[in-house]
Amino acid sequence: MSTRSPKVSVIAPMYNVEPYLVPCIESVINQTLQDIDLILVDDGSPDRSGAIADSYAARDSRIKVIHKENGGVSAARNDGLAEATGDYVFLLDSDDLLAPDALENMLEATHNGSYDVVLADYATFSGDPGTSARTYHVANAPFRSSDRDALDAVQLGVFNMGPANIESGDIRILRGTGAAWHYLIRRSLITDNSLRFDAALKGLFDDGCFSLDVLELASSIAYVQKVTYYYRYVPGSITRKFGAAPFGKYEAVYHAIERFIHEHGKGRRFERGLCLRKFIYLNKSMQTYFFHPANPAPESKRYREFLEVVRSPEYEGAARLVDGKALGCTRSGILLACLRMRFYWGYWMLKKLTAGRG
């Protein structure tokens with residue numbers, strides 16, 4: 001690998017992604033911007049992901065492979081960051097794809113390195129990205145800004161998952177901005193401030209917390225209204241598996257966000273952002289836990305457990321404080337109204353209808 005620093009270092013942790021890894025790697029090495037390197041972190045994957053990565057590294061000097069014992073996605077990303085040498089870094093999930101001109105478009109938006117962070121649009125797909133992709137604009141129009149209010153607006157978007165509606169002057173954030181793959185980040189911003197992913201969160205909102213930190217330290221941001229990233233819906237991914245009740249894990253996220261708000265004096269808008277995240281996780285738990293097909297408990301027992309959660313000060317208080325205007329989705333507004341009116345059975349039935357299970 002060349003000793004000269006590349007323009008962009010792409011970091012991709014790997015764990016059980018054998019079916020998707022080749023197109024992911026190909027989407028990176030065939031970028032229109034060729035002055036890049038790719039750091040593939042084999043997080044103790046039991047499949048052939050590591051061997052596939054090694055075969056590519058043998059043919060392309062821009063690729064480096066790290067093999068390590070399984071330690072989770074946060075630790076793998078940190079190991080990749082430690083090896084990065086590019087002027088900017090991009091964090092890629094190894095079952096997803098980059099658009100062919102993604103890195104060129106994002107690097108161009110830095111205006112020769114004048115901007116710390118670049119944000120861009122994305123698409124989702126489950127089959128062929130050329131035919132099944134659905135495109136999402138993250139903001140209403142392209143912008144470049146060194147204004148703290150603009151950075152705060154993008155930060156507040158981190159609390160959303162999916163639709164959003166956050167305004168700051170002429171800027172309107174339309175989608176959640178928590179995932180690390182939303183951003184091209186100046187590497188020195190990370191190294192100079194010793195930023196790392198929080199491995200204690202075990203892959204749950206660790207990228208959201210990282211994004212909050214990056215945006216807090218950044219002094220400028222640009223948004224390019226072009227699709228740079230293709231997010232693949234994968235059955236059985238970490239966000240959709242069934243397991244024990246998730247609320248203990250959610251607590252760890254809430255504590256991390258509370259620390260961030262306190263340390264940086266972010267104030268009431270961010271406190272309401274935390275309440276929004278609690279509302280989102282409650283909604284998420286309906287699909288991933290209460291109405292998950294693998295949950296063996298009868299509906300009556302699941303509903304009693306749901307009532308214990310939703311009537312707790314944690315979630316009842318959050319429902320009162322959520323900024324309904326930030327939701328960006330009528331259905332979410334209806335669900336929030338049910339919680340505020342304590343019409344819990346109505347909320348339950350609406351989620352049951354969308355989950356398709358009793």
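Ring geometry for Y315 against F247 counts as perpendicular: the plane angle is over 60°, on a 0 to 90° scale with 30° as the lower cut. Ring geometry, F260 versus F270: the interplanar angle falls from 30° to 60°, so the pair is classed tilted.
Counting only distance, with no hydrogens or angles, the side chain of H182 and the backbone of G176 share a donor-acceptor pair below 3.5 Å. The backbone N or O of D207 sits less than 3.5 Å from a side-chain atom of S211, completing a donor-acceptor pair. With hydrogens and angles disregarded, no donor-acceptor distance shorter than 3.5 Å links the side chain of S94 to the backbone of L21. Side chain of S126 to backbone of Y233: no donor-acceptor contact under 3.5 angstrom is found. A distance-only check finds no donor-acceptor pair linking the side chain of D79 to the backbone of I66 [under 3.5 Å]. Side chain of Q31 to main chain of E104: no donor-acceptor pair is present (N/O by atom type, distance under 3.5 Å, no hydrogens or angles). In terms of modelled atom types and a separation under 3.5 Å, the side chain of Q225 and the main chain of A139 share a donor-acceptor contact. Under the 3.5 Å distance criterion, the side-chain polar atoms of D47 are matched with a main-chain donor or acceptor of V17.
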Exercise for review: Kindly indicate, with the supporting measurements, whether the criterion side-chain contact (heavy atoms from CB on, under 4.5 Å) is fulfilled by K68 and V41.
Suggested key: CA-CA 8 Å; K68 63 186 292 291; V41 185; 3.7 Å; yes

Check your understanding: Is there a salt bridge (Lys or Arg N to Asp or Glu O under 4.0 Å) between R62 and D60 once you walk through the steps?
Key -> CA-CA 5 Å; R62 297 174 301 166; D60 192 327; 2.9 Å; yes

Exercise for review: Start with the C-alpha gap between L81 and F210, add the side-chain angles, then the distance that decides, and say whether side-chain contact (heavy atoms from CB on, under 4.5 Å) holds.
Suggested key: CA-CA 12 Å; L81 286 172; F210 183 81; 4.3 Å; yes

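No continuous path of hydrophobic side-chain contacts links L119 to Y115 [ILVMFWY only; heavy atoms under 4.5 Å]. The same ILVMFWY cluster, assembled from side-chain heavy atoms under 4.5 Å apart, contains both L107 and L92. With hydrophobic clusters built from ILVMFWY side chains whose heavy atoms lie under 4.5 angstrom apart, L282 shares a cluster with Y303. In the hydrophobic clustering of ILVMFWY residues, with side-chain heavy atoms under 4.5 Å counting as a link, I25 and Y230 come out apart. The cluster map of Ile, Leu, Val, Met, Phe, Trp and Tyr, joined by side-chain heavy atoms under 4.5 Å apart, puts F90 and L97 in different clusters.
A donor-acceptor contact under 3.5 angstrom links the side chains of D121 and Y223, judged on distance only. One side chain, E305 or Y289, offers a donor N or O that lies under 3.5 Å from an acceptor on the other. With 3.5 Å as the limit, one finds no donor-acceptor pair spanning the side chains of D95 and Y15. At a cut-off of 3.5 Å, with distance as the only test, no side-chain donor of R269 or Q155 sits close to an acceptor on the other residue. Side-chain contact check for T32 and D101: no donor-acceptor pair (N or O, by modelled atom type) lies under 3.5 Å. Looking at R172 and N165, their side chains do bring a donor and an acceptor atom within 3.5 Å of each other. Between D149 and S168, the side chains place no donor N or O within less than 3.5 Å of an acceptor N or O (distance only, hydrogens not considered). Using modelled atom types, one finds no donor on one side chain facing an acceptor on the other under 3.5 Å when comparing S145 with D147.
We find the CG-CG distance between L335 and L327 to be 9.5 Å, quoted to the nearest 0.5 Å. The CG atom of D37 lies 10.0 Å from the CD1 atom of I63; values are rounded to the nearest 0.5 Å. Remark: E26 CD to L98 CG distance equals 12.5 Å, nearest 0.5 Å. With values rounded to the nearest 0.5 angstrom, I171 atom CD1 is found 12.0 Å from I166 atom CD1.
A salt bridge (charged side-chain N to carboxylate O under 4.0 Å, His left out) with K278 is found for exactly one of E251, E314, E271, E316, namely E314. Partner Y231 forms a ring-ring contact (aromatic ring centres under 6.0 Å, His included) with one of W181, F125, Y20 and no other, that one being W181.
For F306 and Y347, the ring centers sit closer than 6.0 Å to each other. In this structure, the ring of W348 has its center less than 6.0 angstrom from the ring center of F291.
Note that R77 lies in the cation-pi zone of F197, set by a 6.0 Å cut-off to the ring centre and a 45° limit from the axis. Cation-pi geometry between R175 and Y136 is met: under 6.0 angstrom from the ring centre, within 45 degrees of the axis.
Side-chain contact between V10 and I39 is absent, with no heavy-atom pair separated by less than 4.5 Å.
Heavy-atom minimum distance, S312 versus V309: OG-O, 2.6 Å. Here the closest heavy-atom approach between residue R277 and residue N160 is recorded as NH2-O, 3.3 Å.
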